[in-house]
Amino acid sequence: MSARPGRLQRLQTLVTGVSGYVGSALVPRLRSDGHAVRGFARSRARVETAGARLDDLVLGDATTGAGLDAAMAGVDVAYYLIHSMEGPAGGGEFVALERRQAERFAAAARAAGVRRIVYLGGIVPAAGATSRHLASRLAVEEALLGAVPGSVALRASIVIAARSRSFRFLVRLIERMPVLAVPAWGAHRTQPVDGRDVLEFLARAATLPAEHAGRAWDIGGADVLTYGDMLDRIAEVMIVDRPSIGLGFNLTPVASVVAAAIAGEDPGLIEPLMESLEYDLLPRDGDAAAAFGVRLHRFEAAVERALRDMEPNQEVA
């Protein structure tokens with residue numbers, strides 16, 4: 001595989017999660033590099049609503065394995081962008097569900113002779129995966145990398161983009177809370193990454209040289225911020241005055257329910273996400289951008305672009 005996708009090297013790619021934010025945005029990026037793109041989803045209607053223009057679509061279910069063999073036929077690179085934290089899988093059941101989905105996907109990819117799986121997961125704290133959310137991401141990563149040796153896993157922290165649920169959650173909190181009550185996790189640090197940069201990493205992973213494959217890469221943005229600073233700087237870009245109060249404690253089970261209600265989100269999604277904020281989530285691979293050839297956007301530029309993209313569909317204060 002060459003260092004950069006080229007129109008002379010047309011790959012057959014498979015994109016799962018194609019009705020979601022990352023999957024639907026990745027499709028045109030892959031097509032612009034000259035690749036054929038097949039989608040895998042449970043609902044044709046949801047894919048059409050997301051606006052993904054595919055070469056073909058296979059309907060199926062990663063949980064049961066239905067449709068996976070057909071989806072994998074002739075595929076060079078398969079993107080695994082399935083996450084199951086929200087909805088009926090909330091309350092901790094998503095951990096077993098995600099593992100089962102990944103194992104079935106991995107087995108189908110190996111049987112079909114897929115050359116590379118590309119997975120987007122989450123950064124793990126230096127001490128190891130200590131939240132349900134991050135432990136689940138790590139288990140999925142291990143299943144996929146173990147099945148196809150030339151695979152690539154990308155680990156990201158908070159993605160800054162209009163359709164990123166983590167970012168929208170923060171924006172809604174800032175909009176609706178006159179004073180930001182920040183739990184103790186506000187002192188922990190991370191490197192939020194522009195959604196445009198995530199798409200670049202994903203697209204370039206398809207043809208990443210073999211010496212950089214077969215492993216996980218931590219990816220982050222250009223700026224290291226505490227979660228508290230991140231909230232303050234989003235508020236500054238939104239041009240709203242939101243004084244903040246540090247609480248000195250977490251109480252995540254209670255705080256997540258309150259925060260989800262304020263932001264209009266699913267508590268089953270917010271609680272495991274907030275558990276992950278109780279640690280520094282910093283990339284350990286400072287050379288990832290150079291290895292992939294990605295030029296990183298600064299944090300304020302990412303926020304400004306995401307807010308601009310949000311406004312046509314939902315008013316932002």
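As the structure is a prediction and not an experimental result, all values here were calculated from the model.
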Decide salt bridge (Lys or Arg N to Asp or Glu O under 4.0 Å) for E236 and R233; before the verdict, give the C-alpha distance in whole Å, the side-chain angles of both, and the deciding distance to 0.1 Å.
-> CA-CA 5 Å; E236 288 176 7; R233 288 168 74 168; 5.7 Å; no
Return the minimal non-hydrogen interatomic distance between R116 and A213, and the atom names on each side.
-> NH2-CB, 3.2 Å
Okay, side chain of T226, backbone of H188: is any donor-acceptor separation there less than 3.5 Å?
-> no
Side chain S157, main chain T190, donor-acceptor under 3.5 Å | no
With hydrophobic residues grouped by side-chain heavy-atom distances under 4.5 Å, do V237 and V240 end up in a single group?
-> yes
By ring pair (Phe, Tyr, Trp, His ring centres under 6.0 Å), which residues pair with F299, not counting sequence neighbours?
-> none
When rounded to the nearest 0.5 angstrom, what is the spacing between CG in L307 and CZ in R168?
-> 12.5 Å
Can M177 be reached from L277 by stepping across I, L, V, M, F, W or Y side chains whose heavy atoms are under 4.5 Å apart?
-> yes
Sub-4.5 Å side-chain heavy-atom contact between L26 and L81 = yes
Which heavy atom of P183 sits nearest a heavy atom of N250, and at what distance?
-> CB-OD1, 3.7 Å
If you measure from CG on D197 to CG on L202, what distance do you get to the nearest 0.5 Å?
-> 11.0 Å
Do V258 and V171 sit in the same hydrophobic cluster, where Ile, Leu, Val, Met, Phe, Trp and Tyr count as joined when their side-chain heavy atoms come under 4.5 Å apart?
-> yes
So how far is it from L14 CG to D76 CG, rounded to the nearest 0.5 Å?
-> 11.0 Å
Would a 4.5 Å heavy-atom cut-off, applied to side chains only, mark R99 and S136 as touching?
-> no
Answer yes or no: are there more than 12 heavy-atom neighbours, outside R53 itself, under 6.0 Å from its atom CZ?
-> no
Taking atom CZ of R189 as the centre, report whether more than 12 heavy atoms of other residues, nucleotides or ligands fall under 6.0 Å from it.
-> no
So, S151 side chain and L145 main chain: donor-acceptor pair closer than 3.5 Å or not?
-> no
In Å and rounded to the nearest 0.5 Å, what is the CG to CZ distance from D61 to F40?
-> 6.5 Å
Under 3.5 Å: donor-acceptor pair, side chain of D55, backbone of R38 | no
Charged N to carboxylate O under 4.0 angstrom, R165 versus D266?
-> no
Minimal heavy-atom distance between V18 and A50, with the atoms involved, is O-CB, 4.2 Å
Can the ring centroids of W217 and F292 be said to lie less than 6.0 angstrom from one another?
-> yes
Would you say Q191's side chain and G221's backbone share a donor-acceptor pair under 3.5 angstrom?
-> yes
Are M274 and L225 co-members of a hydrophobic cluster defined by side-chain heavy atoms under 4.5 Å apart?
-> yes
R137 side chain to G121 main-chain N or O, any donor-acceptor pair under 3.5 Å?
-> no
Whichever hydrophobic residues join V257 through chains of side-chain contacts under 4.5 Å = none
Any donor-acceptor pair under 3.5 Å linking the side chain of T49 with the backbone of A45?
-> yes
Is it the case that one hydrophobic cluster holds both L57 and V15, taking links as side-chain heavy atoms less than 4.5 Å apart, direct or via other members?
-> yes
Determine whether more than 12 heavy atoms belonging to other residues, nucleotides or ligands lie under 6.0 Å from atom CZ of R295.
-> no
Polar side-chain atom of R242 near backbone of L180 as donor-acceptor pair, under 3.5 Å = no
With sequence neighbours excluded, tell me which residues meet ring pair (Phe, Tyr, Trp, His ring centres under 6.0 Å) with H297.
-> none
Under the 3.5 angstrom rule, does the side chain of T16 hit a backbone N or O of Y79 as a donor-acceptor pair?
-> yes
Shortest non-hydrogen contact between A302 and R196, atoms and distance = CA-NH2, 4.1 Å
Is there a side-chain contact between T63 and L97 (heavy atoms, below 4.5 Å)?
-> yes
Taking C-beta and beyond as the side chain, do R115 and L11 meet within less than 4.5 Å on heavy atoms?
-> yes
Can any side-chain N or O of R284 pair as donor or acceptor with the backbone N or O of V124 at less than 3.5 Å?
-> yes
Take D285 and R215 through the test salt bridge (Lys or Arg N to Asp or Glu O under 4.0 Å) and record every step on the way to the result.
-> CA-CA 12 Å; D285 298 305; R215 54 163 290 187; 3.0 Å; yes
So does R172 pair up with E175, basic N to acidic O under 4.0 Å?
-> yes
To the nearest 0.5 Å, what is the distance between OG (S166) and CD (E265)?
-> 8.5 Å
Rounded to the nearest 0.5 Å, what's the gap from CG on L296 to CD1 on I219? Could you check?
-> 9.0 Å
On a heavy-atom basis, the closest approach of G65 and R104 is N-CD, 3.7 Å
Salt-bridge criterion met for R204 and E200 (N-O under 4.0 Å) | yes
Might you point out which heavy atoms bring L208 and A291 nearest each other, and give the distance in Å?
-> CD1-O, 3.9 Å
Should Y227 and I158 be marked as a side-chain contact (heavy atoms from CB on, under 4.5 Å) after you check the CA-CA gap, both sets of side-chain angles, and the distance that decides it?
-> CA-CA 10 Å; Y227 295 109; I158 294 177; 4.1 Å; yes
Do L138 and R155 have side chains that get closer than 4.5 Å, going by heavy atoms?
-> yes
